[in-house]
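Structure record follows, encoded as structure tokens.
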Amino acid sequence: MSVQPETETGAQSTVAGETPEEGVYSFASMEAKWPQVWEDLKVFTPVDDGSRERRYVLDMFPYPSGDLHMGHAEAFAMGDVVARYLRQKGFDVLHPIGWDSFGLPAENAAIKRNAHPSEWTYANIDTQAASFKRYAISADWSRRLHTSDPEYYRWTQWLFKRFYERGLAYRKDSPVNWCPKDLTVLANEQVVNGACERCGTPVTKKSLNQWYFKITEYADRLLDDMSELQGHWPERVLAMQRNWIGRSEGAHVRFAIEATDGRAERGVTVFTTRPDTLYGATFFVVAADAHLALDLVTPEHHDALMAYREKVKALSDIERQSTEREKTGVFTGRYAINPLNGEKLPVWAADYVLADYGTGAIMAVPAHDQRDLDFARAFNLPVRPVLNTGGEDPVETGIATAGEGTLMNSGELDGLSKAEAIPAAIDILEKLGTGEKFVNFRLRDWLLSRQRFWGTPIPIIHCAECGEVPVPDDQLPVTLPENLRGEALSPRGTSPLAAALEWVNVECPNCGRAAERDTDTMDTFVDSSWYFLRFVSPHYTEGPFDPAKINAWMPVGQYVGGVEHAILHLLYARFFTKVIHDMGLLEADEPFSALLNQGQVLNGGKAMSKSLGNGVDLGEQLDKFGVDAVRLTMVFASPPEDDVDWADVSPSGSAKFLARAWRLGKDVASEPGVDVSTGDRTLRTVTHRTIADAAELLDNNKFNVVVAKLMELVNATRKTIDAGAGGADPAVREAAEAVAIILSLFAPYTAEDLWNQLGHPASVANAGWPSHDASLLVQDTVTAVVQVQGKVRDRLEVSPDISEDALRELALASENVQRALDGRGIRTVIVRAPKLVNIVPA
RNA sequence: GCCCCAGUAGCCCAAUCGGCAGAGGCAGCGGACUUAAAAUCCGCUCAGUCCGGGUUCGAGUCCCGGCUGGGGCACCA
């Protein structure tokens, strides 16, 4: 068959190896023919010698979960358009491919099959690699990397050590998110609505000694440097990162806690964004589950607190986080002293105050904070408004007034507006020495320890004498033991590595005594936080990357991937880049100058999923319509960032267009290099207009519109051929060559075949972007629209350089205009030569 | 509750600065070619831009207020 998928006979396109009928579009024979040619020519390997300006285009590397799916097909189609376009424009393009190949699914598969995780992993990688080659991704395969290769994770460990030396990797005991099903620790980012992101099991807390990266030290820079990304990253990604970092300006205020009932006096600091409302504080709350609550509580109230803590612990995070839940809490028996007015405030312990945000304690201002008001009403605590907002009294309504207003009942702050009172209050606190301006962040340090096997081992040895001892650089990598497989990998709450005794037991590199390796592995997000640096010199053996190359390529000019990585991966990669920059190893301090989030591929309005049974198999689509038709459909369906609903689009329509474009080649009757200046002027204008428009559209990622323009050019060329000028007209060749080059970004097989038909050697990928002749775009006449009161009343063919006065004369002389004016006078005439005149009647 | 994004023909989508609402495709209808069909080629129909205000000579585009859909954060002090 040619392109019609419904017909099962005439199967030239679906059966590779069968000789296609002469002159019939056969994607199967193209797919069989060209990959070897491209590989032999090394078309997609950058010259990397500085002779041409460099550009780095990167797709988020895949996890080898199985074969490629529709989502990969979309994402990589988009990235490939960018890479191929920049190559045509003459840049030396780095467009590498690799695999994020550590991770839990491989481990689970290994347990099930009594195998080693590497077997499953590398088999899947081979499958995906073959599919990528079929899909004609213009990648430099010589730079292929896998994060689970010791040559790679050696440098992940090396970087961990550098972080450690800078105090950016540290261990601490802390309550961690624990998934009772996967038996592993989860980062905050991996807890979704109180449940494990992976398996949905409600997450519990467990106290463990864990490794952290001190990402909070970079919170300010991660936030501030987003201004560089503004306009180049999707706004929603920046918004999500801003939300996640959660910068909050306010003050730290120190309250003295009275000595009572066997407990000594001490101070407790709170964080507040509303120091202006200090006079309205009527009680004080500490997080019930924080150690602070135990420190404060008097013996008399101790039992009640313990009972309350038990109740809180029994609640799941989901229940606890419900905002509808009634306020609960217990009195601690203690009083805090308001530093401004000396008032005694009862100290309560409650679970609506979070132990791990701010200082785990708050001053409660019920009149102006809804949560505090709810609590006050539940426990009959006083409410004192200190801000006149003009709204109804919160004491009456039960609705806290959080808006603007004027201070009252607040001593020296009285009469100030909220905006004035905040700095004034901070000023007073600073003078008293009981507080200061403070910026708080929601962001927590990055917990990187995982009690899992298939990950990068943490290169630390624990020695009874010397403590934590990093494995010396020349002993890296610390490789995973090969003899653990199957059941031995199943989760037990400690890392499976702990069972490999001959691996665990080592000599201390420091003192030589018996010591043990750290048995945790790193979160796989560590691996993917620097892979873009490794791609620059993936075979370099003296460091994570070649210093002579790194600044030539970094930063990545265009990064392409799904919005699901808007927070985790992108934030971590930015953090790593900044640290490596601070180490003096990298000039860039942002990794990705521009980011494109391609949409999802849906089917019938919903994400494809096994449970819905609406999955579309990529392999089947490729068999049925061909690689080019699938790629073209992905790109043409909608703007790259929008979702594509496979039920709404037509790969058979794409295939029809490709065949139509390809057939142009058969009609071209002139020789390569023919003088095009005598060609059909109308077609030449369309060709050059298309070349110019396409470049601008591509610069703005409007790939779908480029395809539409290309369709127009194909239609115009067809028309020229059929309307008499014929295939011998040099303009037809010029148009067909432009079609081949532009098409090469979207449909590499068809474009290469067309290019070949037109008598050119491979590869069209290196043909170079055609230059457009601006003189052909100058129009002899343009249509000027004449409006009366904003409504179109006439159209005039005028010279493009007509003067405003001349155009005004012409417009006023128009019969249609005079009829529309109907005798009314003219108030004003707006002239935008040469395109528009608007006449406003009196 | 806070924040971000998007609503244009039956459907997917175009529309530099505010300047003729329509480029392209899908679906539909009609025609040419054919004994017929497929393929191919040609042509046609279809909305006034989610709603309400405002600014303007002029608004899909800018401003204000809503509605609907999608997404993020969330007892975050």
Side-chain angles (χ1 to χ4, degrees), chain A residues 1-4 6-7 9-10 24-25 193 234-244 246 248 250 270-274 277 285 320-325 327 350-354 356-365 368-372 374-375 402 440-442 563-564 566-567 599-600 632-633 636-639 641-645 647-650 652-654 656-657 659-660 663 693 696-697 700 702 704-715 718-719 722-723 783-795 827-830 832 835-841:
Chain A
M1 79 182 179
S2 47
V3 296
Q4 222 225 354
E6 293 79 12
T7 319
T9 54
V24 173
Y25 178 83
N193 289 330
E235 191 48 49
R236 61 177 168 156
V237 172
L238 296 175
M240 281 188 237
Q241 294 219 350
R242 250 181 241 120
N243 261 338
W244 192 261
S248 182
V270 302
F271 173 73
T272 177
T273 54
R274 297 294 303 278
T277 62
V285 190
R320 178 174 168 167
Q321 284 169 9
S322 163
T323 45
E324 264 86 83
R325 210 162 61 82
K327 293 285 180 285
D351 66 352
Y352 86 93
V353 172
L354 307 177
D356 56 357
Y357 181 77
T359 63
I362 63 160
M363 63 176 207
V365 185
H368 307 295
D369 182 287
Q370 191 60 48
R371 294 154 302 181
D372 295 344
D374 292 344
F375 192 85
N440 199 55
F441 292 93
R442 205 195 72 102
V563 73
E564 66 272 17
I567 300 172
Q600 267 189 298
L632 189 74
T633 302
F636 181 52
S638 60
E641 58 273 14
D642 285 8
D643 290 346
V644 175
D645 194 329
D648 289 339
V649 296
S650 170
S652 64
S654 301
K656 206 164 100 180
F657 164 72
R660 188 172 154 83
R663 274 196 308 271
D693 287 353
E696 193 179 326
L697 290 163
N700 293 296
K702 296 187 176 182
N704 55 325
V705 190
V706 177
V707 175
K709 298 279 180 204
L710 189 58
M711 287 173 170
E712 278 183 76
L713 177 56
V714 168
N715 290 344
R718 179 85 266 149
K719 194 171 260 181
D722 291 348
T783 305
V785 172
V786 184
Q787 301 174 329
V788 176
Q789 217 166 7
K791 293 207 169 74
V792 180
R793 295 301 181 188
D794 204 356
R795 288 161 219 275
R827 178 139 63 100
T828 181
V829 180
I830 316 281
R832 293 283 178 274
K835 291 179 72 179
L836 178 122
V837 179
N838 190 13
I839 298 162
V840 187

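To find a chain, count down the sequence lines: A is the first, B the second, and so on, and within it residues start at 1. This structure is a prediction, so every number in the text was calculated from the model and none was measured. No hydrogens, no waters, no symmetry mates; every other heavy atom, side chains included, goes into these values.
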Is [X] close enough to [N] that one of its side-chain N or O atoms is under 4.0 Å from OP1 or OP2 there?
X	N	value
Asn440(A)	A77(B)	no
Ser654(A)	G25(B)	no
Arg442(A)	A74(B)	yes
Tyr352(A)	A77(B)	no
Lys656(A)	A39(B)	no
Asn704(A)	G25(B)	no
Arg660(A)	G25(B)	no
Arg832(A)	G18(B)	no

For [N], which nucleotide is its Watson-Crick or G-U wobble mate, given both distances must be under 3.5 Å?
N	answer
A15(B)	none
U49(B)	none
A9(B)	none
U56(B)	none
C44(B)	G28(B)

Q. Between Val837(A) and Ala239(A), which is nearer to the 5' end of RNA chain B once each is assigned its nearest nucleotide?
A.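 Here Ala239(A) is the residue nearer the 5' end.
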**Q.** Pairwise 5' ranking along RNA chain B for Asp722(A) and Arg242(A), keeping only the more 5' one
**A.**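 Looking at the nearest nucleotide for each, Arg242(A) comes out on the 5' side.
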What nucleotide among [options] has an atom nearest to a side-chain atom of [X]?
X	options	result
Arg236(A)	G19(B), C4(B), C12(B)	C4(B)
Pro639(A)	G19(B), C73(B), C13(B)	C13(B)
Ser650(A)	G25(B), C57(B), C26(B)	C26(B)
Asn243(A)	G72(B), A77(B), G19(B)	G72(B)

Q) Any N or O donor-acceptor pair linking the side chain of Gln370(A) to the base of G1(B) at under 3.5 Å? A)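 Under the 3.5 Å cut-off, the side chain and the base do not form any donor-acceptor pair.
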Q) Does any N or O donor sit under 3.5 Å from an N or O acceptor when you compare the side chain of Lys719(A) with the base of C42(B)? A)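 Side chain to base: no pair present.
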Could you check how far [atom1] of [X] sits from [atom2] of [N], rounded to whole Å?
X	N	atom1	atom2	value
Asp356(A)	A77(B)	CG	C1'	13 Å
Phe636(A)	C26(B)	CZ	P	8 Å
Asp369(A)	G1(B)	CG	P	16 Å
His368(A)	G1(B)	NE2	P	21 Å
Leu836(A)	A21(B)	CG	P	10 Å
Asn715(A)	G43(B)	CG	C1'	13 Å

Quantified in whole Å, what is the [atom1] atom distance between nucleotide [N] and nucleotide [M]?
N	M	atom1	value
C50(B)	A9(B)	C1'	15 Å
C29(B)	U35(B)	C1'	25 Å
C63(B)	A21(B)	P	22 Å
C62(B)	C17(B)	P	10 Å

Q) Does NZ or CZ of Lys327(A) lie under 6.0 Å from the centre of the six-membered ring of Tyr352(A), at an angle within 45° of the ring axis? A)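 So Lys327(A) does make the cation-pi contact.
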Can you see whether [X] engages [Y] through a side-chain donor-acceptor pair at a distance of less than 3.5 angstrom?
X	Y	result
Thr273(A)	Ser248(A)	no
Asp374(A)	Gln370(A)	yes
Asn715(A)	Arg660(A)	yes

Q: Check whether any side-chain heavy atom of Leu710(A) lies under 4.5 Å from a side-chain heavy atom of Phe657(A), and answer yes or no.
A: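 Result yes, sub-4.5 Å side-chain heavy-atom pair found.
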Q | Whether over 12 other heavy atoms sit under 6.0 Å from Glu564(A) CD | A |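 For Glu564(A), atom CD is crowded (more than 12 foreign heavy atoms under 6.0 Å).
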Q) Nearest 0.5 Å, what's the CG-CD distance between Asp693(A) and Glu712(A)? A)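 That separation rounds to 8.5 Å.
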